[in-house]
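A quick write-up on the structure given underneath.
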Amino acid sequence: MSSILDRLNDRQKEAVLKTEGPLLILAGAGSGKTRVITNRIAYMIQEKGVYPGQILAITFTNKAASEMRERQEKMLGMALRGAWICTFHSCCVRILRMHADKVGYNTNFTIYDADDQKTVIKNICKKFDIDTKQFKEKWFLGQISSAKDELIDVDQFERNASGDYYLERVAKVYREYQKELIRNNAMDFDDLIVKTVELFRKNPDVLAMFQERFRYISVDEYQDTNTAQFVFVGLLAKKYRNICVVGDDDQSIYKFRGANIENILNFEKVFPDAAVIRLEQNYRSTKTILNAANAVISNNTNRKAKTLWTDAEEGEKVRLFYVENPYMEADRVIAVIRKYLHDGYPLNSCACLYRTNAQSRALEEAFIRANIPYKIVGGVNFYQRKEIKDILAYLKTIDNGSDDVAVKRIINVPKRGIGASSVNLVQHFADERGISFYSALDTGLTEGIFGKAGEKLRSFRDLIEELRRDAEESSVKALIEQVLDKSGYMMELQAEQTVEAQTRIENIEELVNKAAAYDDSFQEPGRSADGEEPQDEFLMVQDHATLSGFLEEVSLIADIDSWDGAEDYVSLITIHSAKGLEFDNVFLCGMEDGLFPMNAAICSDDPGDLEEERRLAYVGITRAKKHLVLTASKTRMVRGETMVSALSRFVREIPPMILENDRDNLYIKTGSADREAPSKSASKVKLSDKPYLFASEKKQFEVKNQAGLGYGVGDRVSHIKFGEGIVTAIDAGGKDFEVTVDFEDFGVKKMFASFAKLEKL
DNA sequence: CCTACTACGCTTTTT
DNA sequence: GCGTAGTAGG
């Protein structure tokens with residue numbers, strides 16, 4: 001017991017010891033909340049005899065969940081069998097996989113992403129003759145999603161809408177959308193929560209079963225929960241009331257997608273006997289950084305009073321660079337990073353945070369030029385890539401023929417002569433019979449009503465049926481390989497012989513690796529159900545690799561899940577995605593009024609919008625442990641036009657005493673003149689084809705042996721930025737080869753082989 | 001039915 | 001300034 005409480009402060013101890021009854025922990029940034037949750041659970045298991053199967057711990061990202069499980073198991077020195085440590089979404093999926101039949105779904109339902117949703121809405125608009133230029137699909141989806149966040153179902157929405165022309169129209173689309181999803185046996189992200197709540201409300205026996213099971217519940221990042229999630233947790237905790245929520249109202253940055261800060265206040269309403277514990281000692285940042293954060297956030301009026309303090313050293317001043325253009329801004333970042341590297345900091349101690357993904361371009365360019373390993377976290381999601389979505393659509397079709405969106409996506413991919421008219425023919429038949437697209441295809445073929453188009457449709461049907469037979473006995477990995485082979489997808493890509501096609505093939509290979517990892521994960525102990533206590537049997541959904549299991553895992557993955565702090569590169573990441581992470585050296589880029597805070601927030605009628613931006617600034621600042629550097633550019637290209645902007649008000653809210661304007665600081669000189677925007681003659685930097693990388697892609701910066709380089713001294717090579725040149729030397733460095741190249745246009749450069757990605761010509 | 005061109009719309013943030 | 005979606009022409 002002592003080991004659990006030893007390294008905690010009094011407040012933290014109090015939180016750990018309070019295992020029974022409702023508990024609200026207001027945990028400031030860097031106050032060790034993860035540590036408290038982990039220790040609290042360990043304490044329950046070791047000292048209170050709580051059985052792991054009675055524990056439900058909900059986190060915000062998959063990454064946070066697996067990290068928590070890892071820490072927990074390390075601390076306890078054993079596998080946490082039976083405990084659910086997961087996100088809201090994955091938790092609800094697990095529940096629905098057992099009981100979806102009670103809310104009108106088949107338990108092998110698929111999960112729709114934003115693209116799938118848009119496709120459905122688009123079809124509905126077509127059906128209702130709605131002009132999508134006037135009413136955008138996104139607008140409908142936004143309305144529907146907000147309604148679901150608040151647990152407003154179609155009927156209630158309709159009642160509320162009565163009299164309002166626009167809302168009535170949304171109601172009509174909402175109704176049709178839900179109908180279409182049920183027809184496709186699909187749920188969107190919001191439905192996962194909504195349908196679980198519906199399940200609990202309609203089936204007290206099912207709810208009672210889960211209440212019995214999860215006697216100890218904790219929720220991390222509580223300030224980011226929406227109403228539906230709050231109700232979901234509330235229902236589960238109603239019986240035993242052992243619920244612990246941990247949050248920080250100052251770090252609430254997801255109001256735009258329904259997060260409800262009121263949940264923090266409401267917690268004390270729903271659980272009037274709730275104990276409230278404040279964690280205000282910060283263990284992460286220097287005094288200076290904390291002062292800056294406190295100064296900024298104190299401008300918000302709507303917050304729970306709280307003052308973070310620290311015993312840490314004063315630290316260096318916050319640096320500010322306010323320069324002419326984004327290229328200079330990136331150069332400053334690079335220069336300071338070089339200094340930190342020189343001082344002995346590793347690459348992964350540095351992170352560039354920004355408000356919008358678009359800002360990553362100029363930074364990426366500078367990192368390539370500087371030959372400093374970096375990784376963009378987020379951006380275009382791997383699973384949103386065309387080729388990946390195509391393959392997944394095949395898998396979905398094989399797994400669940402009622403997913404029309406998936407079937408239609410691949411019915412003519414690769415081209416097999418089934419065009420719009422054939423698809424319409426089948427769809428018409430499907431509507432007539434009131435059956436799914438694929439069954440219509442199947443039935444229609446048997447009845448021979450498709451005429452000339454029948455032949456091609458038949459070969460598609462036969463392909464899917466053959467793959468379904470394959471799916472019966474092969475692993476997910478093998479099945480994907482069958483799909484690639486039998487559909488001709490891979491052959492078509494290989495025939496293309498372009499760089500783009502090669503990148504796609506690599507992405508697909510990565511998906512195959514992902515599938516193999518999934519298959520293997522059931523071979524290891526800890527994930528399998530063997531040895532599971534009897535009471536768990538009915539709760540264990542997955543005890544072996546299945547196609548549905550894989551699809552589910554893949555559909556719930558977020559960008560941040562691929563971030564691996566142990567790998568050595570500089571992280572480029574949005575502030576939103578960086579929440580929960582910490583770095584010695586943090587660069588906050590694009591600190592300009594109009595960009596951060598965004599114009600929309602500055603101009604908004606709701607002052608709450610600006611406050612949310614300020615909380616975002618607070619989150620950004622508090623990611624820093626040792627050094628905080630702010631950069632801003634006087635000009636910036638926005639939608640092809642050059643905008644001129646003032647320094648962000650958030651920067652001006654930091655006391656000048658702790659701010660050091662480094663614009664003219666000499667140590668920063670890079671030796672090269674400040675750059676203007678690149679001229680037209682300058683070769684355009686070709687940005688990486690795959691800025692998004694899997695954590696598993698360790699090969700990125702690893703070169704096993706010199707032969708693996710593919711070139712040698714004297715060879716002619718090409719570099720992404722510097723163009724063509726001759727290799728003059730290759731030296732073995734610590735963990736990589738240092739290659740010296742004499743470029744035609746840029747002269748002699750030395751670079752790390754694994755990062756430079758030189759190609760032999 | 002497929003390919004190539006044009007226009008538009010997009011930039012908040014993500015489970 | 002870029003990527004996608006829709007249209008027109010072959």
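These figures come from a predicted structure and were not determined experimentally. In what follows, every chain begins at residue 1, and chains take the letters A, B, ... in the order their sequences are listed.
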For [X] and [N], give me the distance from atom [atom1] to atom [atom2], rounded to whole Å.
X	N	atom1	atom2	result
A/Glu137	C/dA5	CD	P	10 Å
A/Asp188	B/dT15	CG	C1'	11 Å
A/Asp115	C/dG3	CG	P	16 Å
A/Arg636	B/dT11	CZ	P	17 Å
A/Arg361	C/dC2	CZ	P	7 Å
A/Ile144	B/dT15	CD1	P	21 Å
A/Glu221	B/dT15	CD	C1'	13 Å
A/Gln229	B/dT15	CD	C1'	8 Å

Under 4.0 Å between a Lys/Arg side-chain N and an Asp/Glu carboxylate O for [X] and [Y]?
X	Y	answer
A/Glu553	A/Lys514	no
A/Asp149	A/Arg257	no
A/Asp248	A/Lys33	no

Mind checking if [X] touches a base, just sugar-phosphate, or nothing, with heavy atoms under 4.0 Å?
X	answer
A/Phe596	nothing
A/Lys122	sugar-phosphate
A/Ser422	sugar-phosphate
A/Asn412	sugar-phosphate

Side-chain N or O of [X] versus OP1/OP2 of [N]: is the shortest distance under 4.0 Å?
X	N	value
A/Ser577	B/dT14	yes
A/Lys148	B/dT15	no
A/Ser421	B/dC1	yes

Practice prompt. Could you check A/Thr574 against A/Lys136 and say which one's nearest nucleotide on DNA chain B is further toward the 5' end?
Written response: A/Lys136

Discussion item. Pick the closest DNA chain B nucleotide for A/Ala600 and for A/Gly419 by heavy atoms, then say which residue is nearer the 5' end.
Written reply: A/Gly419

Worksheet item: With A/His99, which residues qualify under ring pair (Phe, Tyr, Trp, His ring centres under 6.0 Å), at least two apart?
Response: A/Phe210

Worksheet item: Which residues pass the ring pair (Phe, Tyr, Trp, His ring centres under 6.0 Å) test with A/Phe267, sequence neighbours left out?
Response: A/Tyr222, A/Phe271

Item to complete: Specify the residues of residues 247-260 of chain A, ordered by number, for which at least one heavy atom lies under 4.0 angstrom from an atom of DNA chain B.
Response: A/Tyr254, A/Phe256, A/Arg257

Worksheet item: Which whole number of Å gives the distance between the P atom of B/dT13 and that of C/dT4?
Response: 16 Å

I'd like a table of donor-acceptor pairs (distance under 3.5 Å, sequence neighbours excluded) in which one partner is a side-chain atom from residues 588-605 of chain A, with atom names and distances.
{"from": "A/Glu592", "atom 1": "OE1", "to": "A/Arg636", "atom 2": "NE", "distance (Å)": "2.9"}
{"from": "A/Glu592", "atom 1": "OE2", "to": "A/Ser633", "atom 2": "N", "distance (Å)": "2.7"}
{"from": "A/Glu592", "atom 1": "OE2", "to": "A/Arg636", "atom 2": "NH2", "distance (Å)": "2.6"}
{"from": "A/Asp593", "atom 1": "OD1", "to": "A/Arg649", "atom 2": "N", "distance (Å)": "2.8"}
{"from": "A/Asp593", "atom 1": "OD1", "to": "A/Arg649", "atom 2": "NE", "distance (Å)": "3.3"}
{"from": "A/Asp593", "atom 1": "OD2", "to": "A/Arg649", "atom 2": "NE", "distance (Å)": "3.1"}
{"from": "A/Asp593", "atom 1": "OD2", "to": "A/Arg649", "atom 2": "NH2", "distance (Å)": "2.8"}
{"from": "A/Ser604", "atom 1": "OG", "to": "A/Asp606", "atom 2": "N", "distance (Å)": "3.0"}
{"from": "A/Ser604", "atom 1": "OG", "to": "A/Asp606", "atom 2": "O", "distance (Å)": "3.3"}
{"from": "A/Ser604", "atom 1": "OG", "to": "A/Asp609", "atom 2": "OD2", "distance (Å)": "2.6"}

Response to the item:
Taken in chain and number order and not counting sequence neighbours, the residues that satisfy side chain to side chain donor-acceptor pair (under 3.5 Å) with A/Lys122 are none

Discussion item. Which residues pass the side chain to side chain donor-acceptor pair (under 3.5 Å) test with A/Thr87, not counting sequence neighbours?
Written reply: A/Ser90

